[in-house]
Amino acid sequence: MNRTQHFETVLRDWEAAGLSRRTFLRYVAMGTSAVALNGMLVSHISAQTPVAEPEVAEFPASAPFVDKEFKISLQTEPDNLDVHDTTSNASASVDKCIYEGLVTLNQEMRITTLLAKSWEVSDDAKEFTFFLQEGVTFHDGEAFNAAAVVAAFDRVLNPESTLRRAGYFGAVLDHVEEVDEYTVKFVAKFPFAAMVATLAHPAGGIPSPKAAEAAGADFGIQPVGTGPFKFISWVRGDLITLEKNENYWNPDLAAAVPKLLIRGVSEPSALGIAVQSGDAAFAGPLEAASAQQLRQVDGVEVTSVPGLTVYWATMNNTKEPFTDVRVRQALNYAVDKNAVLMAGSLGEGYVADSPIARDTWGYTEVGAYEPDLDKAKSLLAEAGLADGFSTQIFCSAVHRDRAVAVQGQLSQIGVNAEVMQMESAALTEETSKPQEESNLQMLISQWSPSTGDADWALRPIYTKAQWPPAGNTTSFFTDEEVESAIQQGLEISDPVARAEAYATAQKRIMELAVNLFLYVPDYLGAIVSNAGGCLTQADGVTFFRTAYWRE
Amino acid sequence: MSTTLRKAERERSLWGDAWRRLRRNLFAMIGLVGLVLIVLVAIFAPRIAPYDPNLQDYMVAMKGPSRDHWLGTDNFGRDILSRIIYGARISLRLGLFGTIIGASIGSLLGAVAGYFGGWIDTLIMRLLDIQMAFPGILLAVIVIAVMGISDVNVIIAIGVFSFPTFARVIRGSFLVLREQDYVSAAKSIGAGSRRILFRHLLPNSLSPILVLSTLRLGTAILTAASLGFLGLGVRPPNPEWGTMLSEGRNYMQLAPHIAIFPGLAILLTVVALNLLGDGLRDALDPRTRK
């Protein structure tokens with residue numbers, strides 16, 4: 001049963017129980033999963049109040065506690081363990097053990113409750129009230145309550161804050177207020193239907209306000225949260241040690257191993273070898289080549305999750321000849337995306353059939369440009385470029401294979417693309433230039449919406465407000481219809497209309513061939529057979545707070 | 001009066017002598033033959049290579065050696081043999097021009113320092129000491145990082161990397177040579193510094209320059225490959241050996257041929273150059289002259 005069918009079934013039951021279709025759709029718009037909605041339905045029948053039941057993670061409740069430390073190797077070392085002061089996936093992976101948010105994303109990238117028991121949304125999608133779990137304490141013994149939540153968000157929303165997540169919350173969140181000891185209200189700056197998804201992002205973890213204040217700038221190396229693991233030590237360049245939190249509030253989600261030892265291994269093949277040689281019980285995210293090799297190894301299992309990341313080649317829509325939609329379409333027709341998927345990820349993924357990935361909430365299948373060289377050539381000829389043209393593809397080292405594959409494909413229609421591989425700092429400098437100064441023609445790029453929501457998948461990439469240096473619209477694209485659809489998606493709370501708005505935007509973006517859309521890679525990890533509970537998730541964050549030994 | 005003119009025995013020149021000695025050195029000859037082969041491959045690459053080195057064919061991607069693709073294909077389905085053949089052009093060109101730049105600058109600086117001595121010598125040599133205190137590859141990386149990735153910049157980086165060694169060797173031989181009688185003789189008949197430097201001293205220092213160039217050519221090719229390995233070499237998709245090695249690194253366990261063959265190409269070329277360089281050194285060393 002696919003997701004849509006699943007939601008339809010739940011909606012039928014929901015209406016049968018006398019709940020309004022509108023409320024249901026609003027929850028769906030928030031990204032609430034069908035299972036959670038079912039939970040609400042059950043609690044409605046018993047208590048007449050919609051409550052989101054916490055979902056049980058993929059983790060056997062009876063997991064035997066084996067007193068053996070659990071070693072994890074990540075692709076990079078975290079940069080900072082202050083949950084509000086990092087944008088790195090590696091940091092988010094570790095943060096998810098130490099901190100917890102009011103809500104979180106489960107393994108299907110759907111919102112589920114964690115430190116909140118339930119939430120309510122006002123009809124204008126501006127006020128979000130969360131009812132908190134009681135009896136939760138931070139690792140430093142401080143009580144978790146409404147005041148702590150308010151203090152945590154005051155810290156990041158403070159206008160003088162230099163925390164790296166200040167902008168992420170500050171852009172949409174006006175303030176957070178205490179209603180009573182276990183109730184908080186989040187007030188948005190404008191109707192913002194994606195607020196709950198925004199809080200479910202790994203950056204939505206709640207740090208201990210007291211510890212954060214005491215540590216000041218050092219909070220990133222002495223983090224304190226409410227999670228199942230406590231921070232013990234961090235030897236830079238080597239090892240992060242976390243220890244089981246004995247006072248964890250929820251026995252169902254408590255740690256099943258006494259210690260987590262986390263390392264960053266930057267050499268991709270060494271990451272896979274770490275699991276094979278027993279240096280790590282889990283490693284991720286893996287390169288496709290390592291994963292394919294490890295699939296042949298006994299005693300190691302490879303985890304694979306379709307990603308939320310989409311790879312593409314941007315075309316500077318303000319620069320000749322990419323100003324002509326026919327040229328952009330021609331390039332889209334010219335490239336065999338399966339070939340790029342093979343060269344870049346050995347086939348571990350799927351060809352993008354929309355500007356956003358399938359598992360993003362609000363996704364609509366638009367359909368990819370099927371490779372058709374004749375059509376590509378005739379479109380180029382119509383645009384007056386029958387003999388092709390020369391251009392440059394900028395890329396960093398990680399995207400080199402994709403750039404070379406695109407270059408090779410484009411040469412078939414006479415487009416002579418030069419691969420400009422740049423050192424990543426130099427490339428960032430180039431991609432941060434405003435439109436008038438930008439030298440960008442084509443650029444291999446990617447985006448992954450860590451909220452799992454269409455808004456964060458589209459707004460940063462396809463709106464004029466997000467042109468560099470402000471954001472990531474390196475195609476310098478703008479279109480009235482797309483802008484208004486994205487804006488609508490934010491402001492209206494009716495989810496069907498919201499989903500329709502996003503569908504309109506996705507179709508229009510594809511039709512205008514804003515970018516040369518390539519593929520969605522799978523996120524891969526490897527785990528030894530006698531362990532479980534670890535996974536590199538669709539957003540590239542590695543989840544291992546549920547790590548356990550099988551024997 | 002009759003004079004019997006005995007036909008003068010053909011004089012054995014230094015070079016002829018050296019060649020004779022070189023020919024007797026088996027390893028040097030192996031190196032020479034290897035080098036000649038590589039140069040021929042580089043020159044006739046378009047005729048020898050079975051495929052276009054950048055032709056992508058996904059139907060045969062990641063395949064091991066076969067009859068159609070003797071050294072297999074990479075993840076783009078490109079023929080590795082063709083890429084190595086074309087890569088010989090790139091690697092030799094980078095190494096050769098880099099060495100020429102290094103040798104020219106280095107020899108000039110060394111000559112000036114060695115001939116004039118005094119404060120000029122001290123100044124130049126101390127500056128070179130500072131330069132040599134830097135790890136060479138780091139210096140090359142800095143050059144590329146500042147100037148950007150391109151063939152010309154790689155050549156410049158290799159030149160910068162290699163000139164101090166040349167300067168030292170040339171200075172050393174000039175220190176000895178400038179005390180020679182023929183230099184005093186030239187001076188006494190009023191020859192200028194430039195004439196002495198270029199007509200008398202430099203030709204006499206050619207053999208150390210030649211030996212060093214041969215040996216440094218190997219190092220230069222290795223440096224180009226190292227830069228390529230670090231992603232700072234020539235622009236993709238050009239088939240430079242070090243870049244190919246680096247690209248194959250991710251597939252070491254799955255498809256080792258992608259990395260092994262470019263690695264072998266680098267190895268064999270550098271070994272050939274070193275064998276030849278060692279042989280040349282022995283052959284040109286006046287002390288081994290019989």
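Labels below follow one simple rule: chain letters A, B, ... track the order of the sequence lines, proteins then strands, and each chain is numbered from 1.
- Proximity of A/Glu267 to B/Arg249: side-chain heavy atoms (C-beta onward) are separated by under 4.5 Å at one or more points.
- Counting all heavy atoms, side chain and backbone alike, A/Ala343 lies closest to B/Tyr58 at CB-CE2, 3.6 Å.
- Annotation for B/Arg47: atom CZ does not count as buried by contact number, only 12 or fewer foreign heavy atoms lying within 6.0 Å.
- Both the backbone and the side chain of B/Gln253 come within contact range of chain A, judged by heavy atoms closer than 4.5 Å.
- The distance from the CG atom of B/Leu232 to the CE atom of A/Met422 is 12.5 Å, given to the nearest 0.5 Å.
- Counting heavy-atom pairs closer than 4.5 Å to chain B, the top residue among A/Ala289, A/Ala405, A/Gly272, A/Gly408 is A/Ala405.
- At a 4.5 Å heavy-atom cutoff, A/Ala397 makes no contact with chain B through either its backbone or its side chain.
- If you measure heavy-atom distances from A/Glu418 to chain B, the contacts under 4.5 Å come from the side chain alone.
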task = Please test B/Asn54 against A/Gln407 for side-chain contact (heavy atoms from CB on, under 4.5 Å), starting from the C-alpha separation and ending with a verdict.
result = CA-CA 10 Å; B/Asn54 293 324; A/Gln407 173 267 332; 5.7 Å; no
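- Residue A/Tyr350 places its OH atom among more than 12 non-hydrogen atoms of other residues, nucleotides or ligands, all under 6.0 Å distant.
- With chain B as partner, the option from A/Ala339, A/Ala288, A/Cys395 having the largest number of non-hydrogen pairs under 4.5 angstrom is A/Ala339.
- Residue A/Glu287 touches chain B through its side chain alone, counting heavy-atom pairs closer than 4.5 Å.
- For the residue pair B/Pro236 and A/Gln421, the shortest heavy atom distance occurs at CG-OE1, 3.7 Å.
- Note that CZ of B/Phe76 and CE of A/Met342 are 10.5 Å apart. Values are rounded to the nearest 0.5 Å.
- Proximity to chain A involves both the backbone and the side chain of B/Asn250, based on heavy atoms less than 4.5 angstrom apart.
- Crowding of A/Lys375 atom NZ: a count of heavy atoms from other residues, nucleotides or ligands under 6.0 Å not exceeding 12.
- Both the backbone and the side chain of A/Asp401 come within contact range of chain B, each with at least one heavy atom under 4.5 Å from a heavy atom of that chain.
- Remark: A/Gln292 CD to B/Met62 CE distance equals 6.5 Å, nearest 0.5 Å.
- The distance from atom CG of B/Leu254 to atom OG of A/Ser269, rounded to the nearest 0.5 Å, is 11.5 Å.
- Atom OG of B/Ser150 and atom CE of A/Met420 lie 9.5 Å apart (nearest 0.5 Å).
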